[in-house]
Undergrad: 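The structure is given below, and queries will be raised subsequently.
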Amino acid sequence: QVQLAESGGGSVQSGGSLRLSCAASTDRFSIYYMGWFRQVPGKEREGVACISFGGSTTGYADSVKGRFTISRDNRKNMLYLQMSSLEPEDTGMYYCAATTTYLGDRCTGLAAYNYWGQGTQVTVSS
């Protein structure tokens, strides 16, 4: 098992940037595919970005391509999401998630992930 803890959320104006972090409580972080998801009240949780075990493969939702960058540091057991050119539509609770299943670059589907953090709120104002 792995426990995940997100941080770095906050309130920014449209066009601003934020960097989210996710700390994983495991000594075997590299065996997990990792993903970032977000949810707005009343809507389904959606995949934002994902990254393979070693970080060589990434996947992004079309809505964030070119603006968000996912990365990981397996030595520090950390996952990151650099968000730039933020838009009000990016507002939501952001969750990191983990799975030991190989997913390729189509890795933003919720069903594949079985470990979830508690989330960190991102609010973008216009």
Side-chain angles (χ1 to χ4, degrees):
Q1 283 193 347
V2 60
Q3 292 185 324
L4 305 171
E6 303 91 339
S7 62
S11 297
V12 296
Q13 289 190 330
S14 182
S17 299
L18 279 175
R19 187 194 195 203
L20 305 184
S21 299
C22 172
S25 63
T26 175
D27 292 331
R28 304 181 68 195
F29 185 57
S30 62
I31 73 168
Y32 294 97
Y33 244 80
M34 299 298 297
W36 284 101
F37 298 81
R38 65 186 179 192
Q39 188 169 22
V40 177
K43 293 188 177 181
E44 292 186 353
R45 192 171 298 186
E46 63 174 353
V48 174
C50 52
I51 190 166
S52 60
F53 307 123
S56 60
T57 300
T58 57
Y60 295 91
D62 288 342
S63 60
V64 306
K65 282 181 180 177
R67 301 188 298 120
F68 291 11
T69 302
I70 189 171
S71 62
R72 65 190 296 164
D73 186 336
N74 286 349
R75 296 170 300 174
K76 297 181 178 179
N77 300 335
M78 293 293 296
L79 175 73
Y80 305 101
L81 184 68
Q82 179 66 47
M83 305 185 294
S84 303
S85 300
L86 283 161
E87 305 167 351
E89 292 74 21
D90 296 315
T91 293
M93 185 70 78
Y94 281 70
Y95 301 88
C96 66
T99 178
T100 55
T101 303
Y102 174 79
L103 299 173
D105 61 357
R106 297 181 180 274
C107 47
T108 56
L110 278 73
Y113 293 82
N114 43 15
Y115 301 103
W116 293 84
Q118 295 299 308
T120 185
Q121 177 69 34
V122 172
T123 302
V124 184
S125 59
S126 58

Undergrad: List in chain and number order the residues that pass side-chain contact (heavy atoms from CB on, under 4.5 Å) with Ala61, two or more places apart in sequence or in another chain; answer none if no residue qualifies.
TA: Ser63, Val64
Undergrad: Met34 and Ala98: which non-hydrogen atoms are nearest, and at how many Å?
TA: SD-CB, 3.4 Å
Undergrad: Taking all atoms of both residues into account, what is the closest heavy-atom pair of Phe53 and Ile31, and its distance?
TA: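 Closest heavy-atom pair between Phe53 and Ile31: CE2-O, 3.2 Å.
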Undergrad: Walk me through whether Leu18 and Leu81 qualify under side-chain contact (heavy atoms from CB on, under 4.5 Å).
TA: CA-CA 8 Å; Leu18 279 175; Leu81 184 68; over 6 Å; no
Undergrad: Which is it for Met83 and Leu20 under the side-chain contact (heavy atoms from CB on, under 4.5 Å) test, yes or no, and what are the steps along the way?
TA: CA-CA 8 Å; Met83 305 185 294; Leu20 305 184; 3.7 Å; yes
Undergrad: Can you list the residues that meet the side-chain contact (heavy atoms from CB on, under 4.5 Å) rule with Asp73, with sequence neighbours excluded?
TA: Arg75, Lys76, Tyr80
Undergrad: Look up atom OG in Ser126 and atom CG in Leu86, then write down how far apart they are to the nearest 0.5 Å.
TA: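 Separation between the atoms: 13.0 Å.
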Undergrad: Looking at residues at least two apart in the chain, or sitting in another chain, which of them share a side-chain hydrogen bond (donor to acceptor under 3.5 Å, both in side chains) with Asp105?
TA: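 Partners of Asp105 by the side-chain hydrogen bond (donor to acceptor under 3.5 Å, both in side chains) criterion come out as none, since no residue qualifies.
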Undergrad: Return each pair, listed once, that meets side-chain hydrogen bond (donor to acceptor under 3.5 Å, both in side chains) where at least one residue sits in residues 12-34; pairs must be two or more places apart or across chains.
TA: none
Undergrad: Tell me, which pairs form a disulfide (SG to SG under 2.5 Å) where one or both residues lie in residues 74-104, sequence neighbours left out?
TA: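 Every pair satisfying disulfide (SG to SG under 2.5 Å) with a residue in residues 74-104: Cys22-Cys96.
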Undergrad: Side-chain donor-acceptor pairs under 3.5 Å in residues 109-118, sequence neighbours left out?
TA:
from   : atom 1 : to     : atom 2 : distance (Å)
Tyr113 : OH     : Cys107 : O      : 2.5
Trp116 : NE1    : Tyr113 : O      : 3.3

Undergrad: Is there any ring pair (Phe, Tyr, Trp, His ring centres under 6.0 Å) pair reaching into residues 7-30, and which pairs are they, with sequence neighbours excluded?
TA: none
Undergrad: Can you name the closest pair of heavy atoms from Leu4 and Val2 and give their distance?
TA: CD2-CG2, 3.9 Å
Undergrad: Step by step, would you call Val40 with Glu46 a side-chain contact (heavy atoms from CB on, under 4.5 Å)?
TA: CA-CA 9 Å; Val40 177; Glu46 63 174 353; over 6 Å; no
Undergrad: Please find the pair of heavy atoms, one from Ser52 and one from Ser56, that lie closest to each other, and give the distance.
TA: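 So the minimum-distance heavy-atom pair works out to OG-N, 3.3 Å.
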Undergrad: So which heavy atom on Cys50 is nearest to which on Thr108, and how close?
TA: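 Reported closest heavy-atom pair: SG-CG2, 3.6 Å.
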Undergrad: Can you list everything that forms a side-chain hydrogen bond (donor to acceptor under 3.5 Å, both in side chains) with Asp90? Sequence neighbours excluded, please.
TA: Arg38, Arg67
Undergrad: Residues two or more places apart in sequence or in another chain: which of them pass side-chain contact (heavy atoms from CB on, under 4.5 Å) with Gln39?
TA: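 Testing Gln39 for side-chain contact (heavy atoms from CB on, under 4.5 Å), a comparison that skips the adjacent residues, returns Arg45, Tyr95.
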Undergrad: Among the clusters formed by ILVMFWY side chains lying less than 4.5 Å apart, do Phe37 and Leu79 turn up in the same one?
TA: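 Different clusters: Phe37 never reaches Leu79 through Ile, Leu, Val, Met, Phe, Trp or Tyr contacts under 4.5 Å.
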Undergrad: What residues form a side-chain hydrogen bond (donor to acceptor under 3.5 Å, both in side chains) with Lys65, not counting sequence neighbours?
TA: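 Lys65: side-chain hydrogen bond (donor to acceptor under 3.5 Å, both in side chains) contacts with Asp62.
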Undergrad: Do side-chain atoms of Thr120 reach the backbone of Gly9 as a donor and acceptor pair under 3.5 angstrom?
TA: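 It does hold such a pair.
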Undergrad: Applying side-chain hydrogen bond (donor to acceptor under 3.5 Å, both in side chains), name anything that partners Glu89, two or more places apart in sequence or on another chain.
TA: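 Once residues adjacent in sequence are excluded, Glu89 has no partner under the side-chain hydrogen bond (donor to acceptor under 3.5 Å, both in side chains) criterion.
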Undergrad: What residues form a side-chain contact (heavy atoms from CB on, under 4.5 Å) with Thr58, not counting sequence neighbours?
TA: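 Only Ile51, Tyr60, Ile70 meet the side-chain contact (heavy atoms from CB on, under 4.5 Å) criterion with Thr58.
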